[in-house]
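Data block below; observations after.
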2 protein chains.
Amino acid sequence: MASPSSPAPVSSAPARYRRADVVDRAIDLLEEVGLEGLSMRRLAGDLGVRPSALYHHVASKQELLGAVADEMLERGRRATEVLGWQDELRLACVELRDTMLRHRDGAAVLATARAQGVGGTDPVTRMAAVLAFNGADPELARVGAQTLFHFVFGHVADRQAAGVAGEPGDADFAVGLAIVLRGLETRVGTHGDDRSS
Amino acid sequence: MASPSSPAPVSSAPARYRRADVVDRAIDLLEEVGLEGLSMRRLAGDLGVRPSALYHHVASKQELLGAVADEMLERGRRATEVLGWQDELRLACVELRDTMLRHRDGAAVLATARAQGVGGTDPVTRMAAVLAFNGADPELARVGAQTLFHFVFGHVADRQAAGVAGEPGDADFAVGLAIVLRGLETRVGTHGDDRSS
DNA sequence: ACCTGAACACCGTTCAAGT
DNA sequence: ACCTGAACACCGTTCAAGT
């Protein structure tokens, strides 16, 4: 209808993003299509940009997934309460489980990022610190925290790989967690009770 | 040098395989290139066959990986000894860990197959049976076996994703496993000792 | 700084056709 | 029965070039 030639004034400039925008969009896309569907090309398409443009913000898909994992952990963080060590570890495991469950394929994303050593916010380190603070020797603190992490990861990964998203199965998680904590109890300190206050 | 025309007698017939050949080759290829490098096209190339020929033996890559997992479990199976339930479960977990460690990315292969319900030889079912046989109620047997599996899977997956292939770290596995078994001990039966013989 | 355009070396899967 | 040939709709990544 209008003149077909020349001007085409503003707004034909390409979109412009920062790294955080890319990471946020990747998380949204993960929710839509899952880890398997989350491709660099699809993400670029979602942002209205060419695939090659993404490599200005992240070095590789692997690095992007690491950043996604860190952001998930950040968003899921809750205030640290000072409790008996068992309750403190239980809460840390529940927080971790909730963070994994909150995002599609969350367990797989967090575990692969951790295995590649991408995350700065390693939850295992936090749990090991709680054990060490409560009289476990460094070795036991390390292995105990790992064992808890492996349980949580295995539990959620199993459910998510089976396509079960929901929270029921909560009971199984609580029982499994109690089993591991009970096994820990006979090793850390002499007993697991706190007499403070 | 020879006459360029016609005959070219025998042996130009295409290769011919059975499903088991394809699965065996897939396991070999997995060892060479890992789960990430294991593609249908690469496998076809290894067999000297076109990619489309594979779909005569398996319905999809997913089904192939399920068959690979089953074969791994089969190869790793050891004789069942009758022992106290703790030793029996410990042995089952060690067997599972060894099977996972024996193959590159073995933990990931076995876990994804299990989650999709492909395997007929489910090790979790076996462990649950041991617990049920020893006085655990069905619920505890199920959750206890799952907890053990999640620990084993998480432990090996962690190591393999980090690119650590070797067996050392054995000590961590033994300690973690002892923690879980100890936690189980206070729940199954009243005590965990056998007075038979 | 952040983007486009074009290319390279790949994927899983389907389907008609050959023997 | 098991294979080829050809196609469809994709991948991650690199690199020169634009603004």
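Quick note on labels: first sequence line is chain A, next is B, and so on, each numbered from 1.
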For atom C1', what is the distance between C:dC11 and D:dC8, given to the nearest Å?
12 Å

Do the side chain of B:D21 and the main chain of B:R18 share a donor and acceptor less than 3.5 angstrom apart?
yes

Roughly, in whole Å, what's the span from CZ in A:R50 to P in C:dA6?
8 Å

Within the 4.5 Å heavy-atom criterion, are A:D172 and B:Q146 side-chain neighbours or not?
yes

Any ion pair linking B:R97 and B:D170 (charged N to carboxylate O, less than 4.0 Å)?
yes

Taking the C1' atom in each of C:dC2 and D:dA17, what is the distance between them to the nearest angstrom?
13 Å

Take atom CZ in A:R50; do more than 12 heavy atoms of anything else shown fall under 6.0 Å from it?
no

Would you kindly check if the NZ (Lys) or CZ (Arg) of A:R159 is within the cone defined by 45 degrees around the ring axis of A:F173 and under 6.0 Å from the six-membered ring centre?
no

Whole angstrom is fine here: how far is it from CZ in B:R19 over to P in D:dC3?
14 Å

I'd like to compare against my own output: the B/S/- annotation of nucleotides 13-19 of chain C with a strict under-4.0 Å heavy-atom distance to protein.
BBB----

If you apply the rule side chain to side chain contact (heavy atoms under 4.5 Å, CB included), what do you find for B:H150 with A:F153, and how did you get there?
CA-CA 8 Å; B:H150 291 153; A:F153 164 56; over 6 Å; no

Using whole Å, report how far CZ of B:R42 lies from C1' of C:dG12.
17 Å

Write down the distance between CZ (B:R18) and P (D:dC3), rounded to a whole number of angstrom.
11 Å

Quick one: salt bridge (Lys or Arg N to Asp or Glu O under 4.0 Å) pairs with a partner in residues 28-40 of chain A, sequence neighbours left out?
A:E32-A:R42

Inspect the contact between A:D24 and A:R75 and indicate whether a charged nitrogen and a carboxylate oxygen are less than 4.0 angstrom apart.
yes

The correct list of stems in which DNA chain C takes part (3 or more consecutive Watson-Crick or G-U pairs, distances under 3.5 Å) is C:4-8 with D:12-16, C:12-16 with D:4-8

Atom OH of A:Y17 to atom P of C:dC3: distance rounded to whole Å?
8 Å

In whole Å, measure the gap between the P atoms of D:dC10 and C:dA9 for me.
22 Å

If only side-chain N and O atoms of B:H56 are considered, is one of them under 4.0 Å from the OP1 or OP2 phosphate oxygen of D:dT4?
no

Pair B:E95 + B:R90, salt bridge at N-O below 4.0 Å:
no

